[in-house]
Amino acid sequence: MYIGMYNATHDYYETMNLVPGFFQLTTKALLENSALRLCRIYDKDEKPLTIFKLIRTLQSDPEANKSYHEEIEGIVAFHNEKVTTLQPMIEKLHDLRDSSLAHNDRKYCFVDPFKSVGLTIAEYHLIISTAGEIINLVRTTLCKSHIVFDSCDKSDVSIMIKALDRFLHEHPDYSCEADQIRTDYMKSVAKKYYKNATNQGNQD
């Protein structure tokens with residue numbers, strides 16, 4: 001979903017720029033949420049369900065090894081090759097989690113956390129796609145099933161933005177500025193009310 005939203009900023013820039021605050025916050029939330037989930041997937045801890053634990057389970061299962069010995073060897077080799085290449089990026093991802101996403105280190109409050117650990121968006125996308133490749137290889141080999149990760153990346157986001165496009169087409173006189181004027185007016189009313197209420201409270 002995050003990749004779909006990220007790619008949409010190039011294809012639907014003008015439409016998304018009509019309500020930039022919403023799309024910026026949504027993209028940032030998806031980015032941070034997916035980063036935390038990826039850290040869990042690539043964690044070497046024994047407790048959570050991780051890619052490493054999945055591979056070790058396949059290697060230690062005598063029944064699976066008996067029926068799918070060559071296939072499991074192929075999966076393990078593929079996993080080792082991919083993860084070895086990604087290891088420096090995975091370490092940056094865990095640094096990102098520990099410094100700003102999970103523990104909110106005060107040093108990173110006003111800086112881009114991705115830049116602070118040296119993780120590029122291209123590297124981040126590669127981590128996401130590799131996790132999908134490994135999981136799908138296991139599913140395809142052992143379960144004869146496949147997850148189409150692109151289905152939520154593209155279709156869900158495009159449906160939402162196309163609906164916004166359709167609304168704008170049907171309401172050509174719609175103006176975000178007019179909505180902003182109304183919003184600013186309501187803020188001024190609320191601010192005035194709060195000030196009066198505070199003054200009244202102080203007098204009491």
Quiz item: What do the steps show when you test K53 against T50 for side-chain contact (heavy atoms from CB on, under 4.5 Å), and what is the final call?
Solution: CA-CA 5 Å; K53 188 173 183 179; T50 68; 3.4 Å; yes

Is there a side-chain contact between [X] and [Y] in this structure, where contact means two heavy atoms from C-beta onward sitting under 4.5 Å apart?
| X | Y | answer |
| --- | --- | --- |
| E133 | F78 | yes |
| L54 | I134 | no |
| L31 | K28 | no |

Return yes if some donor-acceptor pair links the side-chain N/O of [X] with the main-chain N/O of [Y] below 3.5 Å, else return no.
| X | Y | result |
| --- | --- | --- |
| N80 | V76 | yes |
| T27 | Q24 | no |
| E123 | T120 | yes |
| Y124 | L93 | no |

Value rounded to 0.5 Å, distance of [atom1] in [X] from [atom2] in [Y]:
| X | Y | atom1 | atom2 | answer |
| --- | --- | --- | --- | --- |
| I135 | I41 | CD1 | CD1 | 5.0 Å |
| L96 | E91 | CG | CD | 13.5 Å |
| K82 | S129 | NZ | OG | 7.5 Å |
| D95 | R97 | CG | CZ | 9.0 Å |

Quiz prompt | Partner of T130 under side-chain contact (heavy atoms from CB on, under 4.5 Å), chosen from I127, L126, I128 | solution = L126

Practice problem: Mind checking ring pair (Phe, Tyr, Trp, His ring centres under 6.0 Å) for H94 and listing every partner two or more places apart, or none if nothing turns up? | Solution: none

Quiz item: Of all residues at least two apart in sequence or in a different chain, which pass the ring pair (Phe, Tyr, Trp, His ring centres under 6.0 Å) check with F52?
Solution: H79

